Amino acid sequence: MHSPTPEDPHGADRAGEDVLRDFEVAEVGDVTGRTLLHLPCGTGLGTLSWARRGAAHVVGLDPSEQAVETARALAADLGLTQDRAAFVAADVYDAAEAVPDRAYDVVHTGGGALRRLPDVERWAETAAALVAPGGFLYLAEPHPLADALDDETGSRIVHDYFVRDHFVREHFVRDHFVRDPWTDTGPDADPDTDSDPDPDSGGERAHPVGEVVTALARAGLRIDFLHEHDVSPVPRYGVLQRHEDGCYRFPADRPRVPLTYSVKASRPA
């Protein structure tokens, strides 16, 4: 059993459950009969959730051999063959050469994975090249503005929004700080494995939203929407409150700021 993560807080015993957040499901829409690439996929919990929602063929790519082995084992436990769910160990930037298909209806990146990639333009070019005509890329990431706020209350701007230096973010749990599993280990990751797409990076990079959206547009995709959300999958500030959907929000009497953002960018048919 792997260690808990934001998408999988109870470990691999949740392999049969859907770990996608409500806004992700709503924004991606019906995936029945579609092909989907999860880039990167960690231990595959999100990837397998899309398969259970009807995707005809899902592929997960991750640079960690151990994470990919775990994903394959989870797929086997669910009775999903390679034709339904395939997992590949490779560098994210080498995805075009590593995945089994030339293009996919949906290419998905999220859960803090982008923060582990130092070159956003190269990621955008790689991901865009794998979007089939009529398909789209979907991104759901921690909002970089949230990283500019103080760790204790999330009410004061104490960090530079545009900084590109490495950092390790922490979040507040039961009166003490622990490393943020969403931003420190990436989606579905096991902290005991090397799941960092850039092992020499030394930490996270907060990419401004404008940098990400511009990179996708330059890669030839059409920006369909940019949405900001007042939810976080982890209690990154001590004042956040957990709601029935499993996400954390500021109390009702607090001014809200975006904690997550999502982008859909499509390739014309």
Side-chain angles (χ1 to χ4, degrees), residues 5-7 19-29 36 38-42 46 49-50 92 106-124 126-128 131 136-151 154-155 157-164 167 169 171 180-188 197 204-219 221-237 240 243 245-250 254-266:
T5 70
E7 290 187 349
V19 299
L20 301 171
R21 289 173 285 277
D22 290 344
F23 73 84
E24 293 176 304
V25 174
E27 292 179 342
V28 171
L36 183 144
H38 197 176
L39 184 71
C41 67
S49 292
W50 291 118
V92 170
V106 182
V107 176
H108 175 42
T109 293
L114 193 59
R115 300 151 65 97
R116 284 288 187 177
L117 300 174
D119 192 336
V120 169
E121 288 195 2
R122 189 177 175 193
W123 159 79
T126 301
V131 176
F136 62 88
L137 175 142
Y138 179 72
L139 171 73
E141 284 282 294
H143 201 295
L145 176 60
D147 293 313
L149 304 178
D150 70 284
D151 296 324
S155 62
I157 296 179
V158 296
H159 303 292
D160 191 328
Y161 176 84
F162 297 100
V163 70
R164 285 172 171 75
F167 65 88
R169 182 62 64 220
H171 71 273
D180 184 337
W182 194 26
T183 60
D184 284 346
T185 59
D188 305 322
E204 306 288 332
R205 287 178 173 84
H207 300 291
V209 173
E211 177 186 1
V212 175
V213 172
T214 299
L216 291 172
R218 286 178 175 171
L221 298 181
R222 180 187 65 202
I223 306 301
D224 296 321
F225 65 68
L226 163 63
H227 292 162
E228 296 173 301
H229 310 273
D230 65 345
V231 302
S232 171
V234 294
R236 59 186 304 145
Y237 315 117
L240 296 186
H243 287 239
D245 61 1
C247 292
Y248 294 83
R249 294 172 173 84
F250 282 106
R254 277 280 308 272
R256 295 176 299 162
V257 297
L259 301 176
T260 307
Y261 76 101
S262 55
V263 178
K264 181 180 178 182
S266 60

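We number each residue from 1, following the sequence as shown. Remember, predicted model here, so these are calculated numbers, not experimental data.
Partners of D119 according to the salt bridge (charged side-chain N to carboxylate O under 4.0 Å, His left out) rule, which considers only residues two or more places apart in sequence or in another chain, do not exist here. By the salt bridge (charged side-chain N to carboxylate O under 4.0 Å, His left out) test, D160 is found to be paired with no residue, residues two or more places apart in sequence or in another chain being considered. Legend: residues meeting side-chain contact (heavy atoms from CB on, under 4.5 Å) with V257, ordered by chain and number and at least two apart, are L145, L149, F250, L259.
The OH atom of Y261 sits 14.0 Å away from atom NE2 of H227, with the distance rounded to the nearest 0.5 Å. D150 contributes atom CG, which lies 7.5 Å from atom NE2 of H159 (distance to the nearest 0.5 angstrom). Between the OG atom of S262 and the CG atom of L226 there is a distance of 7.0 Å, given to the nearest 0.5 Å.
A salt bridge is absent between E141 and R115; no separation between the charged side-chain nitrogens and carboxylate oxygens falls under 4.0 Å.
Nearest heavy-atom pair, R21 versus P233, reported as atom, atom and distance to 0.1 Å: NH1-CB, 3.7 Å. Residue D224 comes nearest to A265 through the heavy atom pair OD2-C, 4.1 Å, listed as atom of the first residue, atom of the second, then distance. The two residues R254 and G154 come nearest to each other via the heavy atoms NH2-O, 3.3 Å. Contact record, L20 with S49: CG-CB, 3.7 Å, taken as the closest heavy-atom pair. Of all non-hydrogen atoms in D230 and R249, the two that sit nearest each other are O-CG, 3.4 Å. Minimum heavy-atom separation, A124 to A215: CB-O, 3.5 Å.
For the pair V212 and W123, the minimum side-chain heavy-atom distance is below 4.5 Å. By the 4.5 Å heavy-atom criterion applied to side chains, P142 and R236 are counted as neighbours. L221 has its side chain out of reach of F136: every pair of non-hydrogen atoms, C-beta onward, lies at least 4.5 Å apart.
A donor-acceptor contact shorter than 3.5 Å links the side chain of Y237 to the backbone of A146. Between the S232 side chain and the Y248 main chain, no donor and acceptor come within less than 3.5 Å of each other. Between the side chain of H108 and the backbone N or O of Y138 there is at least one donor-acceptor pair closer than 3.5 Å.
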